[in-house]
There are 4 protein chains.
Amino acid sequence: MSKDKILQAAIEVFSENGYHRASMDEIAARAQVAKGTLYYNFPGKSQLFKTVVKQGIEEIMQRTEVELNSSLPMKEKMERVIGHHLNLFLESRHFSHIVFNEISNGIEQDVLDELKELKRTYISFLARMIEEGQCEENLCRDVDPNLAAASIVGTLESTCNYYLSHHDMYSREDLERFAFTMITQGLFISLD
Amino acid sequence: MSKDKILQAAIEVFSENGYHRASMDEIAARAQVAKGTLYYNFPGKSQLFKTVVKQGIEEIMQRTEVELNSSLPMKEKMERVIGHHLNLFLESRHFSHIVFNEISNGIEQDVLDELKELKRTYISFLARMIEEGQCEENLCRDVDPNLAAASIVGTLESTCNYYLSHHDMYSREDLERFAFTMITQGLFISLD
Amino acid sequence: MSKDKILQAAIEVFSENGYHRASMDEIAARAQVAKGTLYYNFPGKSQLFKTVVKQGIEEIMQRTEVELNSSLPMKEKMERVIGHHLNLFLESRHFSHIVFNEISNGIEQDVLDELKELKRTYISFLARMIEEGQCEENLCRDVDPNLAAASIVGTLESTCNYYLSHHDMYSREDLERFAFTMITQGLFISLD
Amino acid sequence: MSKDKILQAAIEVFSENGYHRASMDEIAARAQVAKGTLYYNFPGKSQLFKTVVKQGIEEIMQRTEVELNSSLPMKEKMERVIGHHLNLFLESRHFSHIVFNEISNGIEQDVLDELKELKRTYISFLARMIEEGQCEENLCRDVDPNLAAASIVGTLESTCNYYLSHHDMYSREDLERFAFTMITQGLFISLD
DNA sequence: TATGAATGAGGCTTCATTCAT
DNA sequence: CATGAATGAAGCCTCATTCAT
């Protein structure tokens, strides 16, 4: 169906170019659909973008949810969450960049608000996992869970970006191990 | 002089809107200068942007350098570096967003390359501090210093972003303390 | 249809002003079409220009071809070819000027190359007629046919230009007779 | 002196780019003079252009005049005139193109009128030579001398243009001989 | 006599959006 | 449902010209 083709094309084009450089023309071409069809199915560019982002976030949330609802120990859960994230970032780097960063640029305010809400949803989704780690297993440090969640996402994204510019120097495993270490144990050996 | 007025206006406009939404018209207006004057002083939009970013990065590098060259213990250094960063991020949130993120969107390739180079410079600048902490004080964990530097920047930025959307819930000190904890000790109490 | 209106307007505007002085704004206005429509139908100014020139050259080639393929004696053919040319030059003076001259100024290199190719095509088109005159009827002097063709075009154009500035002094027949004489017999009565 | 440097630079730049593509910036740069100096010495672009053209035409007229005033037989004179012309065209192709063709494009009307007048002057200068050939030596055909002069210029220019695009196929001597033949004897061997 | 910073009109082009079919 | 021709606002940039020094 047209709607699906458009959505798929939109993901690609937005991911490759970012919101502003993506053009409706290219999305239509990529979806093999007339430009009018875009506007028949979506109210406009920003709404289409919103839909794409929403879908993306929901997908990763679903993927992650399975782990969180499992009865794995916290440490394993964290490993898997990091793994999922890395996949997302490495698979569609620009898209996740958009989701986690560009959301603050030049989109209509109302759409932007919705997107921020979505991001918040995702952050608090991760935060719940951390809270669990704090209460149930007494494993996580007593920090604000939301800040911690935000911090994890930031770490993962910047790490991935660096990795993508230097993928000859590290393996995917290096990256995964590094991220896990930094997130869970931090940079210092001890603080005395 | 015109050049300065333009540069100042450009910082503002780029910071508020991001690269693509910023218009040369608005920059000219904000600088109270004719549009032609922009092009008399800078070859074009992307070059102007590059100049702005370069200046920003150099400024924060200068600010931070003082600490790094001091004889303070590593822990103090890290605290101050975090402090400077937080200042930068909180003072001109969008600008630092640009510096550390938008550097990957739709700018002419050559300018983009220079910007990436600048960012790399900054990252390795931080990396040197970490290396020092690894060698001299045996304080820092044996991880790749560049990845660690990238990771720190990511943590700080995402944390700031979250803070800025929820500044009624945390104080600046909370933020600072949190960032320091996450960066140096990580999320987990122990890994047993 | 828009495309035709634009093409017609483009001929007019390019003819009246030459390539550089012609503005897309005026072409749009003259075609009673929005500026965007120009770009919907043609990739840009230089491509539009190319299309116009191509069309013009093809038209005169068609007109002339009939004569060339006829079984008229060479002398008659030449008279008619000169007649067609004169018509073209006098009807749309600036346009032919463009076709035969401005093709060397400030147009994108690739378009320019195509235009030169077109002009070459036309020249060798005339050259074939001359070759025929050399072989079949032993009428034409043994000179390089391509140079001769170029030379004929040059004679006709400069003659027309002069005529157009002094049309009170000569009749159309004068012009035609003169051109025929100069081209076929040259300036000198004999060379002894 | 500045004026001379400017004039020299202007010839170069106008010759290389044509009137519209030539920019005052480049002329100033080429003359190693500030842009203001251009306007200190000349009222504006079109006036500067006029001066350049005037100078160019006067120069070739001077060069040719020597031959015309000599007591050489007509045939020799014609050969030399053709030689001078060819030199002019081949040395600074674009410049002569401008002088003899672009003079009809987008320059202020008053300057344009003056330029046309100049061109006319040159044409009638050649025409006088032809008249002489008609009267004194009874060598030249009884055609309108001005038209003939115009025709000669056209032949030479288009021939040169063709030569310049195919300089691997003809020698300078070929060109000279060809032009002389076409101009003096025309294309046909006889007309019976 | 010369400078060069500043100007602003005008040009080309892009692109989200509309609408008649 | 879908189309695609048409739109026009908005953006970037060029360049002849001016003027205070």
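Below, chains carry the letters A, B, ... as their sequence lines are ordered, and counting in each starts from 1. FYI, side chains are in, hydrogens and waters are out, and symmetry mates aren't considered; it's all heavy atoms of this structure. These numbers come from a predicted model, not from an experiment.
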Starting at CE of B/M24 and ending at P of F/dT14, how long is that distance when rounded to a whole Å?
10 Å
Would you mind telling me which residue lines up with the more 5' stretch of DNA chain F, C/N41 or A/K3, judged by nearest nucleotide?
A/K3
In whole Å, I'd like the distance from the CG atom of A/D25 to the C1' atom of F/dA6.
13 Å
Could you please name the partner base of E/dT14, counting Watson-Crick and G-U wobble pairs only when both distances are under 3.5 Å?
F/dA9
Cationic tip of B/K3 above B/F42 ring, under 6.0 Å, 45° of axis
yes
Give, for atom CD of A/E59 and atom CG of A/L88, the distance between the pair rounded to the nearest 0.5 Å.
8.0 Å
Within 45° of the six-membered ring axis of A/F14 and under 6.0 Å from that ring's centre, is NZ or CZ of A/K45 located there?
no
Should A/K35 be listed as having a side-chain N or O under 4.0 Å from OP1 or OP2 of F/dG4?
no
Between C/F42 (CZ) and E/dT14 (C1'), how many Å, whole number?
18 Å
Heavy atoms from C-beta onward define the side chain here; which of F/dT3, E/dG11, F/dC15 lies closest to that of A/T37?
F/dT3
Presence of C/Y39 side-chain N/O under 4.0 Å of E/dT14 phosphate oxygens OP1/OP2:
no
Using only side-chain N and O atoms of D/Y40, determine if any of them is under 4.0 Å from OP1 or OP2 of E/dA2.
no
Pairing partner of E/dA20, by Watson-Crick or G-U wobble and under 3.5 Å for both distances, is F/dT3
Start at the 5' end of DNA chain F and walk down; is the nucleotide closest to D/G44 or to B/A22 reached first?
B/A22
In terms of side-chain heavy atoms of D/A34, which of E/dG4, F/dT3, E/dT13 is nearest?
E/dG4
